[in-house]
Structures are given as C-alpha cells and as structure tokens.
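To start, the structure itself, in structure tokens.
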Protein chains: 2
Amino acid sequence: MDVDTRLVRYFAAVAEEGGLTRAARRLFVSQPALTKQIRRLETGLGVELFTRSRSGMALTEAGRALAEQAPELLAACDRALRETKSAASRAARVLRVGFLASAANEATQDIIAGFGRRRPGWRVEMRQAAWSDPTAGLADGEVEAALLRLPFPGAGALRAEVLLTEERQVALPAAHPLAGRDRIDFRELRDEPFVAAPAETGRWRDYWLAADERGGRPPRIGAVTDQPDAWLQAIANGYGIALAPESAARFYARPGVVYRPVTGVAPSSVAVVWPPAADTDPVVQDFVRCCRDAVGGPAEEDPPGGPGPAPG
Amino acid sequence: MDVDTRLVRYFAAVAEEGGLTRAARRLFVSQPALTKQIRRLETGLGVELFTRSRSGMALTEAGRALAEQAPELLAACDRALRETKSAASRAARVLRVGFLASAANEATQDIIAGFGRRRPGWRVEMRQAAWSDPTAGLADGEVEAALLRLPFPGAGALRAEVLLTEERQVALPAAHPLAGRDRIDFRELRDEPFVAAPAETGRWRDYWLAADERGGRPPRIGAVTDQPDAWLQAIANGYGIALAPESAARFYARPGVVYRPVTGVAPSSVAVVWPPAADTDPVVQDFVRCCRDAVGGPAEEDPPGGPGPAPG
DNA sequence: CACGTCCATACCAACAGGTTATAGAGGCTT
DNA sequence: AAGCCTCTATAACCTGTTGGTATGGACGTG
C-alpha cells in the first residue's frame with residue numbers, strides 16, 4: 001500500500017475543517033477534486049474515514065486513528081526532505097539564506113562578507129522568496145536560515161534573533177494628495193485603498209495593513225501583490241498605498257512612488273531566523289554570529305573603496 | 001513539496017541494490033520506469049541523490065541523508081496505515097486473522113469458538129492470503145494476527161508462539177511410481193521436479209523445497225503456484241511433487257493426489273503471530289490465549305460424528 | 001572482438017488528478 | 001410554504017504522469 005503524502009494532507013485538512021467545501025478552499029483545489037481524492041484514500045485503505053452528512057464530514061473511529069497518526073507521518077516526511085536538501089547544500093559548501101525583500105538592508109553585505117571571512121570556501125546563496133511564502137523557504141527546508149521581518153507565521157516553531165528595528169513609512173503614488181506632506185498620521189490613511197499581500201499570509205498581511213491600528217474597521221484592498229516589483233507598480237499606478245519599512249525609500253525608490261514618515265504605527269524589525277534543528281549546526285550558528293556582529297559592532301570598516309580586490 | 005511514499009521506496013531500493021537494473025527487478029517494474037521516477041524525485045527535490053556510473057548508482061551526500069531518513073518515514077507511514085485499519089476493525093468488533101492454507105488445522109474451529117465465548121459480540125474474520133504474502137497480511141496491517149507455518153520472513157519483527165508441530169509428507173500425483181510406497185526417504189525425491197511457491201517468498205519457499213536437506217544441489221522446479229487449488233492442480237497434472245504438512249492429507253484431499261510419509265525432512269510448526277504493537281491489545285492477547293487453550297488442553301471433545309449439524 | 005551489463009532516451013497506452021457544470025438533499029429565513 | 005443557501009456527489013472533459021517496450025551508447029570482460 002503506497003500513500004501519497006498529498007492525500008494525507010488532504011485528509012488532515014478535511015478532518016480539521018469538518019467539511020469538503022471548506023477544506024477545498026483552504027487547499028486551493030476544487031471541491032469535486034477533494035471528494036474524489038478522499039474517496040480514493042478510503043477505497044485504497046479499504047476503510048471508511050468519514051461519515052457523510054448534509055452538514056459536513058465527521059470522522060469515524062478509523063478516521064480518528066489516522067488523524068492521530070498523520071502529524072507524525074507528515075513530520076517525518078518534512079524532516080526527511082529538510083535533511084536531504086540541507087545535506088546537499090552542506091556538501092556543496094553553500095549556505096542558503098532566504099529573504100523576502102530588502103533582507104537586512106545595508107547590513108546584508110556586511111553579514112555576507114563576514115561569513116565569507118569566517119568560513120573560507122563557503123558561499124552564501126541569497127534566495128528571494130515571494131510574499132506568499134512568509135518564511136522564505138525556511139518552512140520547507142529550502143534554506144538553512146532566513147532574514148525576515150517580524151511578525152512571521154510559524155514563529156513558534158523557529159528561532160529568531162532581532163537584528164534591527166526601523167520606523168515604518170507610507171508609500172504613496174506621486175500624485176496622491178498627501179504626497180507633499182512631511183509627516184502623516186496613520187488615522188488619515190485608514191480609509192485609503194491599500195496594496196496588500198495575498199490573503200493566505202494571514203498575520204503578516206495584517207501587520208502590513210496595520211490591522212491593529214484600525215480599531216477593528218476592515219481595510220480597503222486596492223490590489224494584491226506577491227513581489228516587490230508588482231507592489232511598486234501597483235502603488236505607482238494609483239491602485240493603493242502601502243506601509244513599508246523606512247529603508248524601502250533607499251532600496252525601492254521608483255519614479256512615481258514617494259515615501260513619507262507615518263506616525264501611529266508600530267515599527268518594523270528584521271530578525272535572523274533558523275529552525276531549531278540547526279541549533280547545533282556550526283555553519284548556521286556562524287552565520288547567526290555574523291548577523292549579530294554586522295549590526296552590533298560595526299567592527300573594522302573596510303577602507304574606502306570597499307571590499308574586494310583592488311581595481312586594475 | 002509533496003512526496004509519494006512510492007518514490008521513497010523506489011529510492012531506498014536503488015540505494016540498497018546499488019543500481020537501477022537490480023532495483024527494478026526487485027520492485028517488479030521496468031528499468032526505464034525506475035530511471036524516470038528517480039530523476040523525478042531528484043528534480044522534485046532539486047537535489048542530486050546519486051552519481052551515475054557505468055557500474056551502477058552511488059549515493060551522494062544528499063542521498064545518504066535521505067537514505068538515513070527514509071526508514072523512519074516509511075515506518076511512520078506503515079504505522080499510520082496499520083493503526084487506521086486496526087481502528088476500523090476494532091470499531092466493527094472484528095478481529096482479522098490471516099492464514100495461508102489450513103491455518104491451525106483442526107484446532108482452528110476451537111480457537112474461533114473459544115474466542116467467541118471470551119469476547120461476546122466480537123467476530124473473527126479469517127483472511128486467506130496468497131503464498132506470495134507469507135505473513136498473510138500481517139506486514140501490511142491487513143490483519144491483527146495470523147496463523148502461520150514456520151519459518152516465515154520478517155519473523156524478527158513479529159511475535160510468534162508455536163501452537164503445534166506435525167511431520168511433513170510428500171504429495172504425489174496418483175500415477176507417480178512412488179505413490180504406492182508406505183514410506184519414502186527424501187533423498188529419493190531430491191531429483192524430482194517440485195511444485196514451488198513464487199521466488200519472492202525466499203526462505204519460506206526454500207523450506208518447502210527442503211533446501212537444507214539437498215546438500216546444496218538446486219531443486220528442479222516443475223511449476224510455481226500461489227494458491228492451494230493451483231498447487232493441487234499442478235500436482236495432479238504431474239507437473240511435480242511437493243512437501244506438505246501431514247494435515248494436508250485431511251484438508252486437501254483430492255482425486256489424483258496422494259500423500260505419503262517422508263523421512264529425512266524437518267517437521268512443520270504452526271504458530272500464532274502478532275506484531276509487537278499488539279502486545280498491549282487486549283483483544284489480540286485474548287485471541288492468543290484462545291490459541292494456547294485450544295491446543296494445550298483439548299478440553300471437551302465433540303461427540304463422534306464431528307462438528308456441524310447432524311446429517312439430514 | 002564479440003558479449004554482457006548498465007543507464008538513458010523515444011514513443012505509446014492507460015490512468016490519475018484537476019477543472020467546470022450540475023444534480024439532489026437538508027436546513028434556515030422570510 | 002416558498003425560496004435560498006450550503007453541503008456532498010456525479011458527469012464530462014483535459015492534461016500530465018506512470019507505466020510499458022524497443023533501442024541506443026558506454027564500458028568492462030571472456
């Protein structure tokens with residue numbers, strides 16, 4: 001009997017949601033597809049897992065047993081994939097680091113340079129992830145560490161160490177009436193349309209919509225984007241405004257987009273994040289140390305002209 | 001990233017066998033199919049698992065990591081399926097018992113009757129398995145317990161308690177020159193063609209070919225069968241002879257087949273077998289106890305005329 | 001030098017897994 | 001009571017994947 005872990009995930013979703021329709025929405029598949037897959041799982045096992053009714057699906061005894069075993073199975077699968085990918089990058093002397101947008105801002109170069117000095121022969125591979133993956137591949141073992149902005153989902157299962165904190169600003173279309181103001185209070189922006197991250201990013205999306213500072217009123221969504229460039233495009237097009245870290249003014253300057261300070265919203269922090277399994281990985285720990293060093297003590301600055309071989 | 005456990009099994013087979021061709025034979029798939037699946041696994045993971053060479057496939061670092069994690073993954077999968085099926089049968093008040101041919105002979109009825117008395121409301125479901133599955137479904141969690149003849153493969157991972165031991169006889173076509181003899185020494189049979197179990201049953205097949213009593217000379221195989229009826233048919237047709245437990249003369253009497261005592265081969269034992277996970281399962285343990293009782297103290301014998309309704 | 005072994009590729013048939021559209025059964029509201 | 005909403009099941013269809021056989025090319029061996 002062979003089992004596709006996808007079927008187990010489907011099963012778990014239906015069990016948790018208590019119905020095919022809701023689970024299908026969560027899994028981003030159609031409800032008939034789920035119907036078929038669940039039946040296939042049942043006939044494959046030769047066991048009824050759910051009792052169907054007009055109001056949803058309830059677990060049978062057998063279903064409860066499977067629901068109990070499923071997390072362990074999926075965890076074992078996850079561990080296997082993570083270990084494999086990690087071993088591959090270790091063998092190639094590559095440390096893969098995920099990030100979403102500007103990573104650790106100006107400190108990023110220092111971190112990488114410091115790591116290069118501490119681990120000669122090793123290379124840092126910076127992997128930019130889409131916003132729909134807020135842990136930048138850390139959750140899938142796609143990277144060994146990540147530079148993320150807080151908050152991020154799944155923070156409980158990961159180690160994080162805050163590196164720097166900066167104020168948030170607002171990114172406005174150049175033609176926006178408030179674009180000329182020196183300072184804007186967030187309450188003036190609450191009813192503006194916002195350019196937001198995809199809905200499935202949950203808390204992270206809420207944070208950048210400043211849901212906490214809205215007093216319960218829902219935000220207006222003018223556009224949904226998944227990448228920095230589409231985000232800038234949407235703002236420049238006037239589809240909406242957006243909050244952004246102060247450093248975005250430097251890293252994401254674009255014609256048609258202006259950044260202005262905002263009061264009344266919490267600042268944004270960047271953290272270096274790694275999975276607990278890497279607590280004992282000397283390479284990852286070296287990287288964490290380099291992050292600390294790069295933001296803590298600027299240490300010895302390279303002479304003007306920057307790092308690298310002398311020109312000519 | 002979703003993974004089909006089939007791919008992991010494929011991978012494990014290739015890793016163990018050290019080559020696609022050999023692994024393909026073991027998995028009963030074609031070599032090109034394996035080639036494709038392994039490549040699919042590699043591209044899906046984005047990792048090279050093997051280094052190809054003219055003389056086979058060698059694991060990379062990443063491959064070694066996966067090979068290390070695979071057993072745990074497969075075990076978790078196995079456990080999940082076993083628990084689910086077991087829960088289903090428990091909920092239905094059914095104890096599934098696998099067996100291959102005559103189970104525990106005449107004691108079988110007593111065992112089932114005793115279990116019915118000990119666990120009112122429960123039902124024993126006897127599942128006959130093909131010889132190609134020498135643990136009668138125990139390995140797949142298809143049954144909670146089994147009545148098997150020793151030796152059986154995978155005995156190390158299972159609990160077994162011998163119930164009875166009986167001499168082996170030889171089953172001959174009625175027209176066979178030796179069919180009239182009262183007693184036959186196995187050495188007289190060594191060069192006869194034998195009706196054998198499928199090759200994949202390994203030690204079990206060897207045992208019924210009396211490989212140990214052949215002094216290293218390979219047996220002649222006259223036919224391969226997977227089920228009792230095909231076995232009897234093959235013998236009656238004169239394709240070969242076969243060893244069989246004494247009780248086969250009673251349970252598998254057929255025109256055209258005669259059974260004769262044989263000297264020089266080890267006797268055959270029947271055991272009740274269960275997985276270690278069922279050590280604490282009260283229902284399985286009750287069944288084991290019933291097995292013990294049924295063969296230990298013959299208890300009250302049925303009156304002459306045998307069990308069952310009186311002839312009309 | 002012929003041969004066997006091993007992995008890779010090409011091509012084809014069957015199926016699995018997804019989609020949209022639709023049916024049918026209950027419960028809730030008006 | 002009628003209408004509407006929600007839930008699952010089914011039908012029809014399309015595509016990608018898994019399997020098969022046949023074959024090619026590389027390398028070591030008798």
Side-chain angles (χ1 to χ4, degrees), chain A residues 1-60 62-63 66-67 70 74 77 81 132 200, chain B residues 1-60 62-64 66-67 74 77 81 132 200:
Chain A
M1 175 58 52
D2 280 309
V3 174
D4 193 332
T5 57
R6 185 186 336 117
L7 288 186
V8 180
R9 279 178 233 278
Y10 281 6
F11 164 80
V14 176
E16 281 170 31
E17 297 285 343
L20 289 170
T21 308
R22 274 186 301 278
R25 263 196 292 274
R26 183 172 117 185
L27 294 167
F28 300 103
V29 297
S30 69
Q31 169 261 315
L34 246 194
T35 297
K36 257 198 296 193
Q37 293 308 324
I38 294 295
R39 291 188 80 84
R40 210 171 71 89
L41 182 62
E42 288 183 323
T43 63
L45 264 59
V47 163
E48 289 233 327
L49 298 170
F50 296 96
T51 55
R52 273 85 166 160
S53 78
R54 32 239 140 269
S55 61
M57 317 261 290
L59 286 171
T60 61
L66 181 55
L74 295 176
C77 185
L81 297 193
S132 49
E200 66 266 27
Chain B
M1 175 57 52
D2 279 311
V3 174
D4 193 332
T5 58
R6 185 188 339 118
L7 288 185
V8 179
R9 279 180 232 279
Y10 281 7
F11 164 81
V14 175
E16 282 169 29
E17 297 285 342
L20 289 171
T21 309
R22 275 185 301 279
R25 263 196 291 275
R26 184 171 115 185
L27 294 166
F28 299 105
V29 298
S30 70
Q31 169 260 313
L34 245 196
T35 297
K36 262 194 296 192
Q37 293 308 321
I38 295 294
R39 290 187 77 86
R40 209 172 71 90
L41 182 62
E42 288 183 323
T43 63
L45 264 59
V47 161
E48 288 232 328
L49 298 171
F50 296 97
T51 55
R52 273 83 168 163
S53 80
R54 32 243 146 264
S55 62
M57 317 261 292
L59 286 171
T60 61
R64 253 189 296 283
L66 181 55
L74 295 177
C77 186
L81 297 194
S132 50
E200 66 265 25

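Chain naming here is simple, since letters A, B, ... match the order of the sequence lines and numbering starts at 1 in each.
Remark: A:Ser132 engages A:Ala130, A:Pro198, A:Glu200, A:Asp226 in a side chain to side chain contact (heavy atoms under 4.5 Å, CB included) (not counting sequence neighbours). For B:Arg6, the side-chain hydrogen bond (donor to acceptor under 3.5 Å, both in side chains) partners two or more places apart in sequence, or in a different chain, are B:Asp4. For B:Glu16, the side-chain hydrogen bond (donor to acceptor under 3.5 Å, both in side chains) partners are B:Arg26, not counting sequence neighbours. Applying the side-chain hydrogen bond (donor to acceptor under 3.5 Å, both in side chains) rule to B:Thr35 yields the partners B:Gln31; only residues at least two apart in sequence or on another chain are considered. The side-chain hydrogen bond (donor to acceptor under 3.5 Å, both in side chains) search around B:Thr51 returns none, not counting sequence neighbours. For the side chain to side chain contact (heavy atoms under 4.5 Å, CB included) test, residues two or more places apart in sequence or in another chain that qualify with A:Leu74 are A:Thr5, A:Val8, A:Arg9.
For residues 38-51 of chain A, the pairs satisfying salt bridge (Lys or Arg N to Asp or Glu O under 4.0 Å) are A:Glu42-A:Arg52, with sequence neighbours left out. For residues 10-48 of chain B, every residue pair satisfying the ring pair (Phe, Tyr, Trp, His ring centres under 6.0 Å) rule, not counting sequence neighbours, is listed here: B:Phe11-B:Phe50.
In this entry the distance linking CD of B:Glu17 with P of C:dC7 reads 11 Å, nearest Å.
Read 5' to 3', the first and last nucleotides of DNA chain D with an atom closer than 4.0 Å to a heavy atom of chain A are D:dC7 to D:dT10.
Among all heavy-atom pairs drawn from B:Ala62 and B:Val47, the shortest one is CB-CG1, 3.3 Å.
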Can you name the atoms? Protein N/O to nucleotides 16-19 of chain C N/O, anything below 3.5 Å, with the distance.
unit_1	atom_1	unit_2	atom_2	d
C:dG17	OP1	A:Arg40	NH2	2.9
C:dG17	OP2	A:Arg40	NE	2.5
C:dG17	OP2	A:Arg40	NH1	3.3
C:dG17	OP2	A:Arg40	NH2	3.0
C:dG18	OP1	A:Tyr10	OH	2.7
C:dG18	OP2	A:Gln37	NE2	3.0
C:dG18	N7	A:Lys36	NZ	3.4
C:dG18	O6	A:Lys36	NZ	2.6
C:dT19	OP2	A:Ser30	N	2.7
C:dT19	OP2	A:Ser30	OG	2.7

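In terms of phosphate contacts, B:Arg22 brings a side-chain nitrogen or oxygen within less than 4.0 Å of OP1 or OP2 of C:dC6.
Five base pairs at each end of the helix from C:dC1-D:dG30 to C:dT30-D:dA1 define two local axes, and these are offset by 10° (rounded to 10°).
Looking at heavy atoms from C-beta onward, A:Thr21 lies in side-chain contact with A:Arg25 at the 4.5 angstrom threshold.
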